[in-house]
2 protein chains.
Amino acid sequence: MLSHKAKYALKALLYLAEQDENHISKTIEIADGANIPKKFLEQILLDLKRGRFVSSKQGKFGGYYLIKSKNDITLAEIHRLFDGAIALLPCASLNFYERCLDCKTEEECSLRHGLMIIRDETLKAMQNITIASLIKK
Amino acid sequence: MLSHKAKYALKALLYLAEQDENHISKTIEIADGANIPKKFLEQILLDLKRGRFVSSKQGKFGGYYLIKSKNDITLAEIHRLFDGAIALLPCASLNFYERCLDCKTEEECSLRHGLMIIRDETLKAMQNITIASLIKK
DNA sequence: TATAAAATCTATCAATTTGGTAGGGTTTTG
DNA sequence: CAAAACCCTACCAAATTGATAGATTTTATA
């Protein structure tokens, strides 16, 4: 399941993607528009900034705007930024690999291979869902 | 990600599936064989019993055994039993549906459609991974 | 240059979930 | 009848989650 953070991040990105080009959105605008608690959204926007999905302008008339095309922001990326690995176990993960400590055999646990298949399928599907694809209902 | 409980459940089922037909496995056997804390495993085996994947015989020389074919136990079922919904949000779930409360539009949230696509793909993949498929390495 | 508006930073917090452990019951045999 | 095993209920510490609060910095402009 997605965390609220990841869900809010997607909704915030959707909101930004729907604005006119060159429009800068204040946090409070996004919060109201996408129904997200404002203070919580602040943190999320900072995370999205660190992830280089958005950028911001400080001071009066500042706010946030997309710096990545809505066609290039995928669900997979947002999932990884906020919720981590897409695989079902760390030992089957590409980006968050960790060896399973409870596996007796050296490199392979009995589940790893199957979970890597799942990961590949899920990842492929998640890479196809972009912010742009979510907009056109 | 899978919880430890789901992971241990899969390993326990794998252990049971690898035993000779008609063999009954004591909890302690499974715990040692699959490297699972014994007391924790007890709870998991009870859950698997309630889920009708295994059955048990009490008393001396009792233990656990599969009552469902290893070809018919899928990752999807185990995920649902221990970790719940396969979908990324409740509003996109088949078995654990809940309406999203933070969505303004009545029935549809902006994410729902995309997440239902992911759910279908993931579910399909998870239904293809069975205990039997995990055994043949 | 003062001020208002906005992002940014740091801390805190309550509730829930997770990953167990403890300590017994209860049931079924040898 | 006692041992072996399942079965049940409670508890617990640590981590995570979903926020909230308050102070600080940055910027535009009157």
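Letters A, B, ... are given to chains in the order of the sequence lines, protein chains preceding strands, and every chain is numbered from 1.
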Find which nucleotide of DNA chain D each of Lys5(A) and Tyr64(B) is nearest to by heavy atoms, and output the residue with the more 5' nucleotide.
Tyr64(B)
Residues pairing under salt bridge (charged side-chain N to carboxylate O under 4.0 Å, His left out) where one sits in residues 8-35 of chain A, two or more places apart or in two chains, turn out to be Lys11(A)-Asp102(B)
Give me the residues of residues 46-53 of chain B where at least one heavy atom lies under 4.0 Å from an atom of DNA chain D, by number, or none.
Leu46(B), Lys49(B), Arg50(B)
Candidate pair Ile117(B) and His113(B), rule side chain to side chain contact (heavy atoms under 4.5 Å, CB included), full reasoning:
CA-CA 7 Å; Ile117(B) 296 175; His113(B) 181 250; 3.8 Å; yes
Is the closest side-chain heavy-atom distance between Ile131(A) and Leu66(A) below 4.5 Å?
no
When you check the side-chain N and O atoms of Ser3(A) and Asp83(A), is any donor under 3.5 Å from an acceptor?
yes
Grab the N/O contacts between the protein and nucleotides 26-28 of chain D below 3.5 Å, and write none if there aren't any.
| unit_1 | atom_1 | unit_2 | atom_2 | d |
| --- | --- | --- | --- | --- |
| dT26(D) | O4' | Gln58(A) | NE2 | 3.4 |
| dT26(D) | O3' | Gln58(A) | NE2 | 3.2 |
| dT27(D) | O2 | Lys60(A) | N | 3.2 |

A side-chain contact here means heavy atoms from C-beta on lying under 4.5 Å apart; do Leu75(A) and Leu88(B) qualify?
yes
Would you check if Ile36(A) and Tyr15(A) make a side-chain contact, meaning some heavy-atom pair closer than 4.5 Å?
no
Find the distance Ile24(B):CD1 to dA4(D):P and express it as a whole number of Å.
17 Å
Taking all non-hydrogen atoms of both residues, which atom of Ala76(A) and which atom of Leu123(A) are closest, and how far apart?
CB-CD1, 3.9 Å
Over all atoms of both residues, closest heavy-atom pair of Leu48(A) and Ile78(A):
CD2-CD1, 4.1 Å
Taken to the nearest whole Å, CD1/Ile44(A) to C1'/dG18(D) is 9 Å
In whole angstrom, what separates Gln43(A)'s CD from dT20(D)'s C1'?
9 Å
Beyond-backbone contact of His79(A) with Phe82(A), side-chain heavy atoms, under 4.5 angstrom
no
Any luck finding a side-chain donor-acceptor pair between Lys49(B) and Ser56(B) under 3.5 Å?
yes
Note: Arg80(B)-Glu77(B) ion pair, threshold 4.0 Å (strictly below):
no
Residue set satisfying salt bridge (Lys or Arg N to Asp or Glu O under 4.0 Å) with Arg50(A), at least two apart, ordered chain then number -> Asp47(A)
Taking atom NZ as the centre, does Lys68(A) end up with more than 12 heavy-atom neighbours from other residues, nucleotides or ligands that are less than 6.0 angstrom away?
yes
DNA chain C: 5'-most and 3'-most nucleotides touching chain B, 4.0 angstrom heavy-atom criterion:
dG19(C) to dG30(C)
Would you mind classifying the nucleic acid contact of Tyr8(A) as base, sugar-phosphate or nothing, using non-hydrogen atoms under 4.0 angstrom?
sugar-phosphate
Which ones in residues 27-42 of chain A lie close to DNA chain D, meaning a heavy atom under 4.0 Å from one of its atoms?
Pro37(A), Lys39(A), Phe40(A)
